[in-house]
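This report concerns only the one structure given below.
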2 protein chains.
Amino acid sequence: MTTDNKRPLTLRDVSEATGVSEMTVSRVLRNRGDVSEKTRQKVLSAAKELGYVPNKIAGALASNRVNLVAVIIPSLSNMVFPEVLTGINSVLENTDLQPVVGVTDYQPEKEEKVLYEMLSWRPSGVIIAGLEHTEAARAMLNASGIPVVEVMDTDGKPVDAMVGISHRRAGREMAKAILKAGYRNIGFMGTKMPLDHRARKRFEGFTEALAKEGVEIMDRAFYSGGSALAKGREMTQEMLERSPELDFLYYSNDMIGAGGMLYLMDQKIDIPGQIGLAGFNGVELLQGLPRQLATMDACRLEIGRKAAEIIAAQLDNPDTEIEKHVTLTPTITFGDTLKRR
Amino acid sequence: MTTDNKRPLTLRDVSEATGVSEMTVSRVLRNRGDVSEKTRQKVLSAAKELGYVPNKIAGALASNRVNLVAVIIPSLSNMVFPEVLTGINSVLENTDLQPVVGVTDYQPEKEEKVLYEMLSWRPSGVIIAGLEHTEAARAMLNASGIPVVEVMDTDGKPVDAMVGISHRRAGREMAKAILKAGYRNIGFMGTKMPLDHRARKRFEGFTEALAKEGVEIMDRAFYSGGSALAKGREMTQEMLERSPELDFLYYSNDMIGAGGMLYLMDQKIDIPGQIGLAGFNGVELLQGLPRQLATMDACRLEIGRKAAEIIAAQLDNPDTEIEKHVTLTPTITFGDTLKRR
DNA sequence: GTGAAAGCGCTAACAG
DNA sequence: CTGTTAGCGCTTTCAC
């Protein structure tokens, strides 16, 4: 503990306090090179005593190294992304890299801005959600000269590396499972988000697989904002009033799916006999609900982990041969709301 | 769009491309000082063409200014903290400040480490959750010489400024409401987190207010890990089997409270007649559940906003007289699980 | 309006 | 093992 200082301390202050050269102080503080145990201790205790905190700004400029990994995601309130972050963290914790998070709110222009801001700090790598970016953003990523991993989605061409699942395939698989279970009158509910490309791709894959069997979606609805659980309720009620012949409801995420499920249970509707249900994501929350909603795991943790590993490996040795296109395979959980066949 | 470069571009590159001095290029790019419209355009287009991204590291070192606000929170998976972040963001968006988030996992030593890391980037301000920190962390905050706002909790003495609610009072208020409604056999369930000081303080306030009326908690249980909703179910079942005479259950957060509620509904137990329930936080999720759980809003958005305002105001003018101790008052939502009296 | 010089606090590279 | 020198890429300051 020291008295409050107006000016933050510098290496020089520690150097003067110890009589050791700045350079040696720097070596001690970074654990670099050989320093005698005696001076080591002297420096360490002085630094601690003074309350010295190194200036990474200066260090980064001098060494041309910044141990930051920029992580750019659409949202923090989705639960999906914090989990990806957790995966990233779990890997980076064992390195000297640190994640720095930027949020885009699903807006391409904001993504571009956030990316620019982050790149201006010269991070060592970038992990960014999705494959769709503005022209300028893609150009920046290309020009950055650092490892770039695009995550979540593998339906497209990455700038550099990519890790994720095929959402198109995920939609198709769910459609197949639903058809196989015998449902034919299918409704869809999702977010009104033209910019959520992954939800869009799932939807496309879904309708495509239905079409292959001559089935067409009977009703659909989109929402935006509000509590997803509450929206799921409302929309489900409305849709069933509008299209009472529906026998299956596919939701673009588990939260609205859970809302729908709770509504149907209130109405004493037989699930999955009269109506089947499925969501997407495999959120942990589902486990506490009265019934388990059918869903599909998005492999979020694994995606984060893999992405971080790719960055770390490249940084460790730029010549390492690593798999740059990693496609994970989500599995269906049938739960209690989709007949198993 | 340019060809890929190994070396990132510098001001000098733009300077050479335009024939304008580095200094003037810098002025244009920062919108500082007077520059003729002609050179302005020339520089701007060249910079864009080349794909120049300024190096903030160098800029920060030279100007001794970093437009970053360090935000240090215990967790991202709690939903509470992302909301505080949203509040912070909403204010900082209108300034040139940028939040940078660090996560501590409720561990004091990790908080200390994260704080050290962040301070070493010389941010312009710090927003940190809670009032309890290690000795060293407090010393760093003191020595940093930048505005510091401790958020969430106001039961204690801040290093500099603080914004939050009194969790002790929140616990007391809820206890009073419960007693007033006529419940006497009260059980408590919460997280097994000695380090979640806010949950602890709520519990203390709660028992204290009960004690004042001669009431003692009849049963209690603590959990850790797992899906909160599922845990709420399990624990509620166990507790009621153990203590069937309970007529009220107070949960330390809404998620386990919701789990408990769903369990009781499964059991066709009369809520709030036979058993009343209450949680804490006012999470949006609750709105979609079959019944609305009684809860108390933690003012998360407002806390974030106010904290960011304090930082921004201090930075804008260090001599501004501002309120450094802001205590917000949470309100009880009775919902459908706590009798109103 | 524009430019030249002098650092910001640190580390790479070398010399002892 | 320790110290010296020369920048990193930018901005501040001052001169023109």
Side-chain angles (χ1 to χ4, degrees), chain A residues 5-44 46-47 50-67 96 117 119-124 144-145, chain B residues 5-44 46-47 50-67 96 117 119-124 144-145:
Chain A
N5 300 302
K6 201 72 246 173
R7 171 183 66 75
L9 297 165
T10 68
L11 263 191
R12 166 169 226 133
D13 294 309
V14 182
S15 167
E16 285 174 353
T18 53
V20 178
S21 79
E22 283 186 45
M23 195 55 233
T24 300
V25 172
S26 167
R27 282 200 267 258
V28 172
L29 265 20
R30 284 178 300 145
N31 262 306
R32 278 273 199 302
D34 290 327
V35 179
S36 78
E37 193 51 29
K38 199 175 128 238
T39 44
R40 229 184 98 69
Q41 289 309 332
K42 188 159 55 172
V43 168
L44 246 26
L50 295 170
Y52 172 69
V53 177
N55 185 332
K56 288 216 183 185
I57 305 262
L61 183 61
S63 66
N64 196 26
R65 248 175 296 154
V66 181
N67 61 342
D96 55 356
E117 288 290 327
L119 288 181
S120 72
W121 288 102
R122 300 285 185 269
S124 297
S144 71
Chain B
N5 299 300
K6 203 70 250 174
R7 171 184 66 75
L9 297 166
T10 67
L11 263 191
R12 165 167 227 134
D13 294 307
V14 182
S15 167
E16 285 174 355
T18 52
V20 178
S21 79
E22 281 187 46
M23 196 51 237
T24 301
V25 172
S26 167
R27 283 194 187 97
V28 171
L29 265 21
R30 284 178 301 144
N31 263 306
R32 277 275 199 304
D34 289 328
V35 179
S36 77
E37 193 51 30
K38 201 175 126 234
T39 44
R40 228 185 99 69
Q41 289 308 331
K42 188 159 55 170
V43 168
L44 247 26
L50 294 170
Y52 171 69
V53 177
N55 186 332
K56 289 215 183 186
I57 305 263
L61 183 61
S63 66
N64 195 25
R65 247 174 306 178
V66 182
N67 60 342
D96 55 356
E117 289 289 327
L119 287 181
S120 72
W121 288 103
R122 300 285 186 269
S124 298
S144 70

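Order of the sequence lines sets the chain letters (A, B, ...), proteins ahead of strands, with each chain counted from 1.
- By the 4.5 Å heavy-atom criterion applied to side chains, B/V53 and A/W121 are not counted as neighbours.
- Under the salt bridge (Lys or Arg N to Asp or Glu O under 4.0 Å) criterion, A/R40 pairs with A/E37, not counting sequence neighbours.
- In terms of phosphate contacts, B/T39 brings a side-chain nitrogen or oxygen within less than 4.0 Å of OP1 or OP2 of C/dT2.
- Considering only residues two or more places apart in sequence or on other chains, B/E117 meets the side-chain contact (heavy atoms from CB on, under 4.5 Å) condition with A/K56, A/Q98.
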Determine, for nucleotides 6-16 of chain C in 5'-to-3' order, which nucleotides have protein heavy atoms under 4.0 Å from the base (write B), from only the sugar-phosphate (write S), or from neither (write -). -BBBBBBB---
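- Computed from coordinates, the B/D13 CG to D/dG9 C1' distance equals 11 Å when rounded to whole Å.
- Take B/S36 and apply the side-chain hydrogen bond (donor to acceptor under 3.5 Å, both in side chains) test, not counting sequence neighbours, and it matches B/T39.
- For the pair B/Y52/B/V43, no side-chain contact is recorded, criterion being any heavy-atom separation below 4.5 Å from C-beta on.
- Note that OG of B/S63 and CZ of B/R30 are 8.0 Å apart. Values are rounded to the nearest 0.5 Å.
- Here A/T24 does not reach the OP1 or OP2 of D/dT2: none of its side-chain N or O atoms lies under 4.0 Å away.
- Under 4.0 angstrom from either OP1 or OP2 of C/dG1 there lies no side-chain N or O belonging to B/S36.
- Under 4.0 Å is where a charged nitrogen must lie from a carboxylate oxygen, and between B/D13 and B/R7 at least one such pair does.
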Cut-off 3.5 Å, no hydrogens considered: what does the side-chain donor-acceptor table look like for residues 15-23 of chain A, sequence neighbours left out?
from: A/S15; atom 1: OG; to: A/V20; atom 2: O; distance (Å): 2.6
from: A/E16; atom 1: OE2; to: A/R12; atom 2: NE; distance (Å): 3.4
from: A/T18; atom 1: OG1; to: A/V14; atom 2: O; distance (Å): 2.8
from: A/T18; atom 1: OG1; to: A/S15; atom 2: O; distance (Å): 3.1
from: A/T18; atom 1: OG1; to: A/V20; atom 2: N; distance (Å): 3.2
from: A/S21; atom 1: OG; to: A/M23; atom 2: N; distance (Å): 3.4
from: A/S21; atom 1: OG; to: A/T24; atom 2: N; distance (Å): 3.1
from: A/S21; atom 1: OG; to: A/T24; atom 2: OG1; distance (Å): 3.2

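- Taking five base pairs at each end of the helix from C/dG1-D/dC16 to C/dG16-D/dC1, the local helix axes there meet at an angle of 30°, rounded to 10°.
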